[in-house]
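Working notes, beginning with the structure itself.
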Protein chains: 2
Amino acid sequence: VTALAPTAVYLDRIARARVAMDQAGVDALLVSVGSDLPYLTGYEAMPLERLTMLVVPRDGEATMVIPRLEAPRVAPQPGVFELRRWDEIADPVAIVAELVEAGCRPSKVAVGDTMWARFLVALLEHWPSDGTHYVRSAEVMNPLRIRKDQAEIDALVAAGAAADRVAAQLQAGEIELVGRTEAAVSADIGARLLAEGHDIVNFAIVAAGPNAASPHHHASSRVISAGELVLCDFGGTMAGYCSDITRCVSLGPPPAEVAEAYAVLHEAQAAGVAAAVVGAACEDVDRASRRVIDEAGYGEWFIHRTGHGIGMEAHEDPYMVEGNTLPIATGHAFSVEPGIYLDGRWGMRLEDCVVATDDGPLPLNRADHSLVVLDV
Amino acid sequence: VTALAPTAVYLDRIARARVAMDQAGVDALLVSVGSDLPYLTGYEAMPLERLTMLVVPRDGEATMVIPRLEAPRVAPQPGVFELRRWDEIADPVAIVAELVEAGCRPSKVAVGDTMWARFLVALLEHWPSDGTHYVRSAEVMNPLRIRKDQAEIDALVAAGAAADRVAAQLQAGEIELVGRTEAAVSADIGARLLAEGHDIVNFAIVAAGPNAASPHHHASSRVISAGELVLCDFGGTMAGYCSDITRCVSLGPPPAEVAEAYAVLHEAQAAGVAAAVVGAACEDVDRASRRVIDEAGYGEWFIHRTGHGIGMEAHEDPYMVEGNTLPIATGHAFSVEPGIYLDGRWGMRLEDCVVATDDGPLPLNRADHSLVVLDV
């Protein structure tokens, strides 16, 4: 649930979106399910078959096309958008097309990144792609959304602190591990995220022993044993903004090779954070973490990028990945999360989120970065 | 989490999808996030920016294009699909295009209904819509998915029974209502859905007093009071299949007008279920419920269709709505849920799901259909 901002915030965002549309030559911006809509209007669409769509023509009023039965959910934002309710047997895509064509047939349309493809298929019937050029809403919206304002940073700080409290419970041994299934621990972590103030649990990866070698492992019915390394990567949404943290704990003293690899990982993560300064390229953060891991000889086992942006979405721009030369700017928020994965044996990742500021990276997570050893 | 079926089930489904593609003249079926993918392969894609896509050419092998770091999550299904892993800096849409063009440039492509639009935008760069006709995956998949097999019906029965147990707790007064916020009750119902065996809570609408006049009301911070009618509409996913039930309770004896309206609603819901027989049109179910409400003079306050299909998705084909002349067939599963909503005053809805069988509708919900009055 996105917390409502004052109407002035949405007026300003729509105005900035129009400027970005103008610069990109976009005639109409169409956003549906996903976070562009609450960013612009405060309203989150239900991810169902009934279309909700904000239609922003380059000139002229914005209109939210909404199923009649969901219209009472929308908090009005005077001057930001008008509501256009549609009845059960109407064709909402035809309504959208009509609203846009009230100006003229659009030559360039930006469509919501996470909009359901079925609605774009329907739009193609109105405007085939040889006459209308389709681009991602990201082209218009991401330059706005990528720089968090103070209220957004405050929300990220609060969500990060709530996730940190759960990480601290894990590291203090308050979350029982040995003898429980990964799935049970995942549910436990999820409940703790809610108890600490999150509105939604987005994910709670719990991967023990060899399972941790799968970076996006789905918590399974496998029972966790003493002697294993347990990777926990979890986050949720709190007042509309996301948290994301990864910590590993060792159930008893780790084998030497695990301890050695963790020391490298720890250094790599710190190097990534240290590189996350305003003006550096996003890929520099990836390179800084990767260099430490490469030089220690674990390079082939670090099989993913170093980080992703975070905000209203768990993953969003900017991405800390080779090839992304975008300069880091004040207000960029992102994860720094190198990992080392030995197929069939073990895996480890260490993740904090940070916000770039003129005074250097502001950490959103402060839980103990060492490999905490729990008594078993 | 979808329960894995035997490989033979997926082989059969892919084979039937190919027949449907052939009939529809579809050269390539492309499915991503959503339930078509687990229906065909047992694997559920992560709804993130890294593309997972099953590519099914009309002739030739199916391939699942998957981020390298998520590949270990996939349970292999020999003969069903091959895996094609992509690395962080690759362009997965280019890989998809290349796999399809290995035959030849497709003239008709079916794309996943709930795939993110950004990936269709990228596909349009490869195959503009003047040369390639795009259709919804629903055209290929829904005729398969709409008729549930016995294992699917068993799963729906189990999920419905679990939701019924929570409804029974509500009707027995075990869920405290008076003095709590709607949001707190919603969280409580969600926890009970999980405790009764659901893997995921999909929604738990709690709408009291005037809030219940908004059919898709979001549980709010409003405190529930004695004397109010409380509408609870909730469901989740259990072993891959959904539940969905709505019951209302009255906190103390209801006013006469509420009791009278509920009697009409009760009759309307029963009439809808009675009309849900094999061979009748889907719209006949809507008409049967609506006629009762119309004749009692409440017609203008029944502002939505009577029902939706249910299965791997909370809402799917077939829809019980005016204009849908599709004949009901054995194995169709759907809700019957008329409602009456008096703006600013109160609202009520009564919902069961049923499966059409040759012996008449099999109810998935059996919780008390009357307006249960709780002591306050």
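Predicted, not measured: the structure shown is a model, and the values here were computed from it. Within every chain, numbering begins at 1; the chains are lettered A, B, ... in the order of the sequence lines, protein sequences first and strands thereafter.
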*Chi angles and distances behind the side-chain contact (heavy atoms from CB on, under 4.5 Å) call for His216(B), Arg50(A)*: CA-CA 12 Å; His216(B) 275 177; Arg50(A) 292 183 183 97; 3.6 Å; yes

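Applying the side-chain hydrogen bond (donor to acceptor under 3.5 Å, both in side chains) criterion to Asp244(A), with sequence neighbours excluded, gives His308(A). Under the rule for a side-chain hydrogen bond (donor to acceptor under 3.5 Å, both in side chains), Ser32(B) has no partner lying at least two apart in sequence or in another chain. Judged as a side-chain hydrogen bond (donor to acceptor under 3.5 Å, both in side chains), and not counting sequence neighbours, Thr52(B) has no contacts.
His304(A) touches chain B through backbone and side chain together, each having a heavy atom under 4.5 Å away. Looking at Glu316(B), neither its backbone nor its side chain comes within 4.5 Å of chain A, counting heavy atoms on both sides. In this structure, chain A has no heavy atom under 4.5 Å from any part of Tyr341(B). Looking at Val33(A), there are no atoms closer than 4.5 Å to chain B (heavy atoms on both sides), in backbone or side chain.
Residues Tyr134(B) and Val121(A) share a closest heavy-atom pair of O-CG1, 3.6 Å. Among all heavy-atom pairs drawn from Glu322(B) and Ile89(A), the shortest one is O-CG2, 3.5 Å. Minimum interatomic distance between Leu120(B) and Ala117(A) (heavy atoms only, all atoms of both residues): CD2-O, 4.0 Å. For the residue pair Ile303(A) and Glu88(B), the shortest heavy atom distance occurs at O-CG, 4.1 Å.
Between the NE2 atom of His217(A) and the CD atom of Glu70(B) there is a distance of 13.5 Å, given to the nearest 0.5 Å. Remark: Arg136(A) CZ to Phe119(B) CZ distance equals 7.5 Å, nearest 0.5 Å.
No other option in Asp87(B), Asp130(B), Asp113(B) has as many heavy-atom pairs under 4.5 Å with chain A as Asp113(B). By number of non-hydrogen pairs under 4.5 angstrom with chain A, the leading residue of Arg68(B), Met115(B), Met46(B) is Met115(B).
Residues from residues 206-215 of chain A that place a non-hydrogen atom less than 4.5 Å from a non-hydrogen atom of chain B comprise Ser214(A), Pro215(A), given in numerical order.
Taking 4.0 Å as the cut-off between side-chain N and carboxylate O, Glu49(A) and Arg305(B) count as a salt-bridged pair.
When atom types are taken as modelled, the side chain of Ser129(B) and the backbone of Pro128(A) share no donor-acceptor pair closer than 3.5 angstrom.
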